[in-house]
Participant: 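Take this structure, written in structure tokens, and hold onto it; I'll ask about it next.
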Amino acid sequence: MSREQKQQAISSIKGTRDILPEEARLWQMVEESARKIFELYGFRELRAPIIEPTELFEKGTGASSDIVTKEMYTFTDKGGRSVTLRPEYTPSVVRAIIEHRLDLQPQPLRFYYIGPMFRYDRPQKGRYRQFHQLDVEVFGEKDPAVDAEIIEMAHRLLQAVGVEGVTILVNSVGCPTCRPAYGQALREAAARVKDRLCPDCQRKVEINPLRIFDCKLENCQAAARTFPLINDFLCEDCREHFRQFLIYLDLYHLSYKIEPTLVRGLDYYTKTTFELVVENFGAQNAIGGGGRYDNMVKEFGGPDLCGTGLAIGLERLLLVSKIEAIPQSYAYFAHRGEQAKQASLLAASYFRSCGIPCLLEFKERSLKSHFSRANKIAATWVVIIGEDELAAGEFQLKDMLRSKQYKGSLEQLARIIIDKESSRKSALSKE
RNA sequence: GUGAGUGUAGCUCAACGGUUAGAGCACUGGACUGUGGAUCCAGUGGUUGGGGGUUCGAUUCCCCUCACUCACCCCA
């Protein structure tokens with residue numbers, strides 16, 4: 001590229017990136033197994049718009065949350081409305097339920113979605129401004145068994161894409177009945193030791209004392225050990241819900257860690273919260289998380305419908321997954337001369353109608369150069385159409401992986417490809 | 001938003017402040033005109049992220065800026 005070209009070149013916006021074909025193949029594979037698994041659990045896809053009224057997130061995600069106060073892509077559209085690129089998905093589903101009276105359908109309701117979210121963060125490993133989430137939500141199911149089932153489903157997905165070393169962190173954050181008392185007690189305890197805390201944590205005393213638990217400094221940790229824990233403040237209802245939730249996790253033989261300080265940054269959670277974290281993954285080690293939000297639908301003016309859900313970060317999932325792309329199998333056409341080129345067009349058309357992927361290139365090449373090209377682009381089959389073949393009315397087919405060559409009509413060659421491919425596929429799935 | 005590190009060819013990396021900034025891989029072509037992966041040869045590709053300064057001279061030193069990376073923060 002010349003200097004002028006370089007200066008004129010437009011590059012992608014900070015925190016966004018192109019997913020090129022090689023990587024997109026992996027995305028397709030993960031998305032496919034996610035869809036399959038979600039549908040195994042009775043979830044159906046619900047696609048909501050990427051752009052929503054700003055107030056949806058101010059009310060839903062929470063006006064005091066970091067996401068809303070400093071991370072949203074918000075702007076005014078030509079009609080003077082304040083609109084926002086969604087930073088998360090749950091409020092959109094809640095809006096859709098109320099808007100379309102989905103609560104009048106037989107409950108519980110199970111929805112899933114895969115798509116981009118937007119948060120104006122400083123980009124980092126596993127953190128982008130446009131990132132993608134797998135999201136599932138259940139409405140109208142109070143039973144803590146469903147909280148456990150969602151985690152079991154997430155676990156299944158992680159296994160399917162080869163993620164290892166995942167820890168399940170769980171907690172209960174209580175409900176509007178019991179949480180205020182805990183917040184009060186925590187704030188008082190923090191205030192008592194305020195002068196022993198680092199400047200950072202001194203600020204947290206007022207804003208969010210729970211965050212003091214996360215400080216790495218020894219002094220702050222020592223102080224935090226004297227703080228009360230939420231478990232001792234849960235009301236009867238929340239305590240029982242949490243107890244049963246753990247029983248169901250045990251039933252699935254899922255090992256988990258109770259993390260009394262796990263709060264999560266969204267304001268709407270009640271009772272169950274959980275997070276999936278991976279080892280050796282730096283600061284962005286949470287690949288998924290979620291919990292219960294029993295009051296959100298009601299707070300939006302909808303029916304009294306409880307909810308519980310899960311979100312998994314696709315970028316982070318891919319960073320830790322061990323899946324490998326299965327190379328696409330396809331036929332390449334080695335043609336010589338105009339007549340052969342035309343015959344190739346027809347042959348490829350016929351192969352495609354048989355369901356065989358074909359790659360046709362039109363440049364005139366020597367046969368050797370055709371093979372060299374086929375090898376470079378990893379074609380699995382080469383169909384040879386030259387003068388001899390045209391004269392004989394019989395074509396040649398080379399299996400590039402096994403270096404075996406066949407001769408016959410197009411129908412015969414298509415049959416050979418279909419047979420060999422199906423035996424190759426069944427061999428792969430047996431592994 | 002705060003702090004630190006790194007920016008040289010498409011990729012991975014060289015070049016003491018001093019000739020025309022090099023190599024491997026990749027790409028294109030040839031040796032090789034009907035059978036791929038190898039080898040050999042040649043070619044394309046840079047104004048060293050951008051701007052300013054110091055200097056006879058800057059890829060190298062200084063400042064600003066942008067991008068990337070990592071950490072804080074927050075979260076997926």
Side-chain angles (χ1 to χ4, degrees), chain A residues 1-7 9 11-15 17 20 61 65-71 86-90 114-135 154 198-201 203-204 207-208 211 214-217 262-266 273 275-278 281-290 309-320 332 334-337 340 363-390 396-405:
Chain A
M1 237 194 303
S2 77
R3 187 180 186 176
E4 287 74 25
Q5 284 173 320
K6 224 173 196 172
Q7 281 178 344
S11 55
S12 63
I13 287 171
K14 181 174 182 153
R17 62 196 198 98
L20 302 179
T61 310
S65 66
D66 276 30
I67 291 176
V68 172
T69 54
K70 46 188 191 192
E71 294 175 7
R86 60 177 181 213
E88 60 145 342
Y89 196 63
T90 308
I114 303 174
M117 307 292 156
F118 303 84
R119 291 184 201 171
Y120 194 87
D121 254 357
R122 190 87 170 253
Q124 224 172 291
K125 186 191 184 86
R127 186 166 88 184
Y128 302 94
R129 290 182 175 178
Q130 177 180 337
F131 63 102
H132 299 76
Q133 286 189 332
L134 309 166
D135 188 282
C198 69
D200 224 25
C201 286
R203 272 191 305 111
K204 294 177 190 167
I207 309 158
N208 193 350
R211 287 274 161 221
D214 300 334
C215 188
K216 271 114 195 153
L217 297 170
L262 176 68
V263 279
R264 307 191 46 76
L266 305 150
T273 56
E275 212 158 88
L276 308 167
V277 301
V278 281
F281 195 52
Q284 264 57 53
N285 65 348
I287 65 167
L310 153 81
I312 292 176
L314 251 173
E315 282 83 358
R316 291 183 188 180
L317 185 62
L318 277 151
L319 274 171
V320 292
Y332 173 90
H335 51 82
R336 304 230 52 204
K363 186 180 176 183
E364 180 67 24
R365 296 171 188 272
S366 70
L367 196 63
K368 187 179 188 73
S369 155
H370 266 307
F371 271 94
S372 178
R373 174 73 187 156
N375 187 59
K376 188 164 284 172
I377 61 181
T380 37
W381 302 94
V382 172
V383 181
I384 304 165
I385 302 182
E387 285 173 19
D388 299 351
E389 286 75 15
L390 286 174
Q396 300 204 61
L397 173 72
K398 183 157 185 176
D399 181 336
M400 293 296 279
L401 300 175
R402 282 169 263 231
S403 289
K404 271 177 88 174
Q405 203 154 317

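Each chain gets a letter, A, B and so on, in the order the sequences are listed, and its residues count up from 1.
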Participant: Between atom CZ in A:Arg129 and atom C1' in B:G1, what is the gap in whole Å?
Facilitator: 11 Å
Participant: Hey, is the side chain of A:Glu71 pairing donor to acceptor with the base of B:C74 inside 3.5 Å?
Facilitator: no
Participant: Any sub-3.5 Å donor-acceptor pair from A:Ser369's side-chain atoms to A:Arg365's backbone N or O?
Facilitator: no
Participant: To the nearest Å, give me how far apart CD (A:Gln124) and C1' (B:G5) are.
Facilitator: 13 Å
Participant: What's the gap between B:U54 and B:C72 when it is taken at their P atoms, as a whole Å value?
Facilitator: 41 Å
Participant: Just checking A:Gln396: base, sugar-phosphate only, or nothing, at a heavy-atom cut-off of under 4.0 Å?
Facilitator: base
Participant: Using atom types as modelled and distance alone, determine if a side-chain donor or acceptor of A:Arg119 lies under 3.5 Å from a backbone N or O of A:Pro87.
Facilitator: yes
Participant: If you measure from the C1' atom in B:U12 to the same atom in B:A38, how many Å do you get, rounded?
Facilitator: 23 Å
Participant: Say you pick atom P in B:C27 and the same atom in B:G37; how far apart are they, in whole Å?
Facilitator: 13 Å
Participant: For A:Asp121 and B:C68, what is the distance between atoms CG and C1' respectively, to the nearest whole Å?
Facilitator: 16 Å
Participant: Taking any heavy-atom pair under 4.0 Å as a contact, classify A:Arg119: base, sugar-phosphate, or nothing.
Facilitator: base
Participant: Rounded to whole angstrom, note down the P distance from B:A4 over to B:C62.
Facilitator: 15 Å
Participant: Without decimals, in angstroms, what is the distance between A:Asp135 CG and B:A76 C1'?
Facilitator: 11 Å
Participant: Which listed nucleotide (B:G37, B:A71, B:G34) is nearest to the side chain of A:Ser403?
Facilitator: B:G37
Participant: Please report, rounded to the nearest Å, how far the P atom of B:C74 is from the CG atom of A:Leu262.
Facilitator: 13 Å
Participant: Could you check whether A:Arg17 makes a cation-pi contact with A:Tyr128, meaning its NZ or CZ is under 6.0 Å from the centre of the six-membered ring and within 45° of the ring axis?
Facilitator: yes
Participant: Are the side chains of A:Val277 and A:Ile287 in touch, meaning some heavy atoms are under 4.5 Å apart?
Facilitator: no
Participant: Base, sugar-phosphate or nothing for A:Ile384? Non-hydrogen atoms, less than 4.0 Å.
Facilitator: base
Participant: Measuring only the C1' atom in each nucleotide, how far is B:C16 from B:G29? A whole number of Å is fine.
Facilitator: 39 Å
Participant: Is any side-chain N or O of A:Arg127 under 3.5 Å from a base N or O of B:C73, one able to act as donor and the other as acceptor?
Facilitator: yes
Participant: Run the side chain to side chain donor-acceptor pair (under 3.5 Å) test against A:Gln405 and tell me which residues pass, sequence neighbours left out.
Facilitator: A:Gln396
Participant: Quick check on A:Glu364: does its CD atom have over 12 non-hydrogen neighbours (other residues, nucleotides or ligands) under 6.0 Å away?
Facilitator: yes
Participant: Quick one: which of A:Arg129, A:Arg127, A:Lys70, A:Lys14 gives a salt bridge (Lys or Arg N to Asp or Glu O under 4.0 Å) with A:Asp121?
Facilitator: A:Arg127
Participant: Using only atom types and a distance under 3.5 Å, with no angle test, would you say the side chain of A:Arg86 pairs donor to acceptor with the backbone of A:Phe118?
Facilitator: no
Participant: What is the distance, to the nearest angstrom, from the NZ atom on A:Lys125 to the P atom on B:U69?
Facilitator: 10 Å
Participant: Please work out if A:Gly386 contacts a base, only the sugar-phosphate, or nothing of the nucleic acid, heavy-atom cut-off 4.0 Å.
Facilitator: base
Participant: Please tell me which of the listed nucleotides, B:A71, B:U28, B:G34, lies nearest to the side chain of A:Arg373?
Facilitator: B:U28
Participant: Report the residue (A:Gly313 or A:Glu389) whose heavy-atom-nearest nucleotide on RNA chain B is the more 5′ of the two.
Facilitator: A:Glu389
Participant: Spell out yes or no: do the side chain of A:Ser366 and the base of B:G30 have one donor N/O and one acceptor N/O closer than 3.5 Å?
Facilitator: no
Participant: Taking side chain as C-beta onward, heavy atoms only, is A:Glu315 less than 4.5 Å from A:His132?
Facilitator: yes
Participant: Considering only atom P, compute the distance from B:G7 to B:U33 and round it to an integer number of Å.
Facilitator: 47 Å
Participant: Round to a whole Å and report the spacing from CD of A:Glu387 to C1' of B:U33.
Facilitator: 11 Å
Participant: If I take atom CG in residue A:Asn285 and atom P in nucleotide B:C74, what distance separates them, rounded to the nearest angstrom?
Facilitator: 14 Å
Participant: At less than 4.0 Å, is any side-chain N or O atom of A:Lys368 found next to OP1 or OP2 of B:G36? Yes or no.
Facilitator: yes
Participant: Any base atoms under 4.0 Å from A:Lys398, or only sugar-phosphate, or nothing? Heavy atoms, all strands.
Facilitator: base
Participant: Determine which bases of RNA chain B form Watson-Crick or G-U wobble pairs with both distances under 3.5 Å, and write the result as a 5' to 3' dot-bracket string with | for other-strand partners.
Facilitator: (((((((..((((....[...)))).(((((.......))))).....(((((..]....))))))))))))....
Participant: Looking only at atom C1', what distance separates B:G3 and B:U20, rounded to whole Å?
Facilitator: 42 Å
Participant: Heavy-atom count around A:Ile13 CD1 within 6.0 Å, excluding the residue itself: above 12?
Facilitator: no
Participant: Of the options B:U69, B:U35, B:C73, whose atoms approach the side-chain atoms of A:Phe371 most closely?
Facilitator: B:U35
Participant: Let me know, please, whether A:Lys363 or A:Arg316 comes out on the 5' side of the other along RNA chain B by nearest nucleotide.
Facilitator: A:Lys363
Participant: Could you give the distance separating B:G30 and B:C68 at their P atoms, to the nearest angstrom?
Facilitator: 41 Å
Participant: So what does A:Glu315 touch, heavy atoms closer than 4.0 Å: a base, only the sugar-phosphate, or nothing?
Facilitator: nothing
